[in-house]
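Atoms within each ligand, like the ligands themselves, are counted from 1 in listed order.
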Amino acid sequence: MQTTLSDTYRNTPEGDVAERILRSCVHCGFCLATCPTYQILGNELDSPRGRIYLMKQVFEGATPTAKTQLHLDRCLTCRNCETTCPSGVEYGKLLDIGRHIVEETVGRGVTETATRTALKTGLSTPGLFNTALKLGQSMRSLMPGFLQTRIPAAEAAGDWPAPRHARRMLVLQGCVQPGLKPNINAATARVLDRIGISLIAAEEAGCCGALAHHLNDTEDGLNAARRNIDAWLPHLDAGVEAIVMTASGCGVMVKDYGWLLRHDPRYADKAARISAATKDISETLAAERDALAAHRSPLTKKRIAYHPPCTLQHGQKLTGGVEALLMQAGFELTPVAEKHLCCGSAGTYSILQPDIANQLKTRKLGHLQAGAPEMIVTANIGCLTHLQSGSQIPVRHWVELLDEALAPS
Ligand code: SF4
Ligand code: SF4
């Protein structure tokens with residue numbers, strides 16, 4: 001697409017990236033058919049092509065308005081459009097830059113700013129989040145049904161095997177996941193322990209930074225990345241093989257540390273090293289399939305429906321790996337239509353854009369339940385809690401089921 005950047009952005013780091021991406025879009029519109037917000041709202045400005053055009057206008061000198069911000073806010077950052085695009089348009093990178101510029105120019109009202117700050121701080125600070133969660137769980141039985149669906153009951157983690165193997169991997173504990181579903185990382189540790197890998201966590205690491213990053217607080221997001229890099233590098237130096245992600249939303253962020261910190265002279269190389277060492281748990285286990293097969297148990301397995309998170313299939317471009325591991329373990333996967341479409345969770349999107357998020361959730365659950373599964377599984381804590389809030393059958397992380405299906409070591 002012909003693009004002429006304004007003096008403000010020409011020959012700037014962000015402007016150069018934006019110009020390259022804008023020029024790669026040929027305006028064909030193939031991406032419209034797979035954009036969830038375009039499917040629901042039917043407005044070109046709520047499609048990838050429309051948003052690209054809005055951002056192009058800003059980079060060419062137009063002053064963004066609250067309407068520009070609204071259409072960018074409504075984007076789920078699911079990156080389904082990237083998977084569809086025949087020209088390889090890096091929409092996610094363009095959106096990051098565009099949203100940041102629009103945020104700085106248009107700003108937010110007092111209430112909206114307070115809500116976004118509360119979400120960013122409350123969700124990314126485990127101490128705050130866990131205290132609020134425990135309070136909510138203690139009062140859960142007194143709450144009306146719709147609120148109960150929002151607050152999951154307290155769960156036990158199960159054993160986390162003590163490190164005993166020469167092979168070691170790190171895990172990102174995450175911010176909300178240990179409070180909501182402590183068994184996910186413990187189950188991951190048990191699965192890896194069976195095949196000769198000890199899973200450890202670096203206490204100094206914390207939130208991956210995605211929450212702040214997607215709420216346009218770029219510096220907070222980068223500071224979270226720098227803290228995690230400092231926490232993990234000594235472990236890599238000591239021989240840890242990989243940094244394992246059990247939430248695909250965190251994984252896509254950590255794999256991007258190298259890109260996000262490329263202009264930071266102190267962290268660029270370190271960030272690239274961390275990103276290269278980062279693996280989704282499905283990638284880690286796919287490389288260990290023979291070892292896993294030796295632990296296969298003959299017990300009857302469930303019929304399950306799998307929801308691949310956008311951050312796994314579109315963000316990390318990982319498809320088919322989870323399904324292959326579950327089938328190898330003996331699970332029957334029910335057919336699911338529209339697997340490529342977002343469930344509406346998208347980080348804080350389900351809170352900030354509840355109408356669109358709920359429509360997408362209802363549509364997704366209809367497809368997931370169509371094959372009458374006993375259970376739904378997914379690979380990201382956000383999708384898990386969002387889907388569970390509307391589902392009568394359990395929604396769990398797939399690695400928990402794998403752990404339960406394997407024979408004890
Ligand atoms: S983003 Fe890709 S699919 Fe969409 S209009 Fe541009 S070139 Fe076409
Ligand atoms: S990221 Fe998702 S919601 Fe946003 S424009 Fe692309 S397909 Fe549409």
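- Atom numbering of ligand 2 starts at 1 in the shown order; those under 4.0 Å from a heavy atom of R79 are 1 (S), 2 (Fe).
- Every atom of ligand 2 is numbered from 1 in the order shown, and the set under 4.0 Å from a heavy atom of C75 is 1 (S), 3 (S), 4 (Fe), 5 (S).
- For the residue pair T278 and S275, no side-chain donor N or O sits within less than 3.5 Å of a side-chain acceptor on the partner.
- Within 6.0 Å of atom CG in N43, more than 12 heavy atoms from other residues, nucleotides or ligands are found, so the atom counts as buried in its surroundings.
- Of the N and O atoms on the side chains of Q328 and R289, at least one donor lies less than 3.5 Å from an acceptor on the other residue.
- Scored by the side chain to side chain contact (heavy atoms under 4.5 Å, CB included) test, S297 finds L299, K301, A407 as partners (sequence neighbours excluded).
- Rounded to the nearest 0.5 angstrom, S248 OG and K255 NZ are separated by 10.0 Å.
- Residue T77 approaches ligand 2 through these ligand atoms, each under 4.0 Å from one of its heavy atoms: 1 (S).
- Protein residues having at least one heavy atom under 4.0 Å from any atom of ligand 1 are C25, V26, H27, C28, G29, F30, C31, R49, I52, C85, P86, S87, V89, listed by chain and number.
- The ring-ring contact (aromatic ring centres under 6.0 Å, His included) analysis of residues 23-76, with sequence neighbours excluded, yields the pairs Y9-F59.
- Shown here are the salt bridge (charged side-chain N to carboxylate O under 4.0 Å, His left out) partners of E44, two or more places apart in sequence or in another chain: R49.
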